[in-house]
Amino acid sequence: KAGVTQTPRYLIKTRGQQVTLSCSPISGHRSVSWYQQTPGQGLQFLFEYFSETQRNKGNFPGRFSGRQFSNSRSEMNVSTLELGDSALYLCASSIEAGALGTADTQYFGPGTRLTVL
Amino acid sequence: AQSVAQPEDQVNVAEGNPLTVKCTYSVSGNPYLFWYVQYPNRGLQFLLKYITGDNLVKGSYGFEAEFNKSQTSFHLKKPSALVSDSALYFCAVRENNAGNNRKLIWGLGTSLAVNP
C-alpha cells in the first residue's frame, strides 16, 4: 500500500506570494492532519480534516487554510507569505475509526520544504 | 493543560550500549502515547504506541518503551544502539476520549547521536 505522498517536495517563494501544498493520504485513511515543523518550535499543529470537514485547528493566523476533498486528499494554502513561514510542512493521515478507545496511528508524508525569500 | 516534555535536547551514546530517550507528559485521564523517529530531510516514522495493557511496548527496529503511570513517563529504550539509530525522536500524547479534541500534543524532540 502506498504511503502518504506530498507535492511538491520543495518550494521557493517570495514574500507576499501564496502557496498551495497537496497531500494524498494512505488509501482508506479518512483523517488528514497538517503540521509545521521548524527547528526552534518543533511540530506545530495546523489543522485536521475528516470527511471534508475541519475538525481541529491550531493557533495559526487566518492566512493558513486548508480543505479536504471527497477522496480524502487534502490541500493547504498559505496566503501573503512571510519569511517566518519558511518551514517543513508535514501531512499525516490516519484511518480514524472514531470509536472510544481507539488510538489511530498517524502516518506521515515526507513533507514539503517551503523557503520564503 | 496537556503537555509533553522531552527533557534532553540531545542524547549521545556509544554503539552497542543501551539507549534511553526520555518523555514525560501531562494529560487528564488515560493517555495514548506515541514515539516517532525522523531522519534528516524525511517525514516522521511511527515507532510504537501505548494504548492500554502491558506497560512495556515493543516497536519497530528493536525499540521499546515503558509506560509508567505514577511517574507520567513513557521513555524510549533500546538494548543495543546502532549508528543508524542516529536521528530525531519525538514523543506525542493524546487524551483517551471520543470527542473532537483528538489532536496529538508533541514534544520538541530529542536528537540521538550514536557514536561508532
Side-chain angles (χ1 to χ4, degrees), chain A residues 3-7 9-10 21 23-26 29-51 53-60 87-113, chain B residues 1-10 21 23 25 27 29-53 57 59-60 65 67 74 87-111:
Chain A
V4 178
T5 58
Q6 293 186 245
T7 57
R9 291 293 310 278
Y10 301 92
L21 312 182
C23 172
S24 293
I26 292 172
H29 285 196
R30 299 190 295 167
S31 170
V32 173
S33 297
W34 288 90
Y35 296 88
Q36 181 194 68
Q37 184 180 21
T38 56
Q41 298 293 321
L43 271 79
Q44 300 291 309
F45 173 74
L46 281 155
F47 24 66
E48 179 202 4
Y49 286 88
F50 177 74
S51 292
T53 301
Q54 187 181 87
R55 189 162 62 176
N56 274 304
K57 190 177 188 305
N59 297 322
F60 277 81
L88 180 67
Y89 289 88
L90 294 165
C91 166
S93 75
S94 64
I95 292 177
E96 202 58 40
L100 179 65
T102 61
D104 300 320
T105 300
Q106 291 190 357
Y107 294 92
F108 284 78
T112 295
R113 173 74 63 183
Chain B
Q2 300 177 80
S3 65
V4 174
Q6 293 182 242
E8 301 156 317
D9 291 337
Q10 178 149 348
V21 183
C23 173
Y25 64 91
V27 67
N30 295 317
Y32 294 145
L33 295 152
F34 301 80
W35 275 102
Y36 284 81
V37 60
Q38 185 178 34
Y39 297 98
N41 299 313
R42 302 281 295 278
L44 276 70
Q45 295 180 30
F46 169 72
L47 280 178
L48 51 81
K49 68 182 177 184
Y50 172 83
I51 303 173
T52 186
V57 180
S60 306
F67 170 63
F74 189 56
L88 190 57
Y89 290 80
F90 289 94
C91 179
V93 64
R94 189 171 72 190
E95 285 183 334
N96 180 355
N97 66 67
N100 284 334
N101 184 21
R102 298 172 63 82
K103 60 184 180 184
L104 287 172
I105 307 299
W106 294 84
L108 292 179
T110 298
S111 178

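First the proteins, then the strands, lettered A, B, ... as listed; each starts at 1. Keep in mind the model is a prediction, meaning the values are calculated, not measured. Every heavy atom of this structure was used, including side-chain atoms; hydrogens, water molecules and symmetry mates were not.
- Considering CD of A/Gln106 and CZ of B/Arg94, their distance stands at 7.0 Å, rounded to 0.5 Å.
- Within the 6.0 Å centre-distance limit, the rings of B/Tyr36 and A/Phe108 are counted as a close aromatic pair.
- Annotation: A/Tyr35 is in aromatic contact with B/Trp106 [ring centroid separation under 6.0 Å].
- Residues passing the side-chain hydrogen bond (donor to acceptor under 3.5 Å, both in side chains) test with B/Trp35, sequence neighbours excluded: none.
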Residue pair A/Thr105, B/Phe34: steps toward the side chain to side chain contact (heavy atoms under 4.5 Å, CB included) verdict: CA-CA 8 Å; A/Thr105 300; B/Phe34 301 80; 4.2 Å; yes
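- Neither the backbone nor the side chain of B/Gln45 comes within contact range of chain A; no heavy atoms are under 4.5 Å apart.
- The line from CG of B/Leu44 to CG of A/Leu43 is 5.5 Å long, rounded to the nearest 0.5 Å.
- To the nearest 0.5 Å, atoms CZ (A/Phe45) and CD1 (B/Ile105) are separated by 9.0 Å.
- Residue A/Gln44 does not touch chain B at all, counting heavy-atom pairs closer than 4.5 Å.
- With a 4.5 angstrom heavy-atom cutoff, B/Leu88 touches chain A only via side-chain atoms.
- Here the shortest heavy-atom pairing between A/Leu88 and B/Arg42 reads CD2-O, 4.3 Å.
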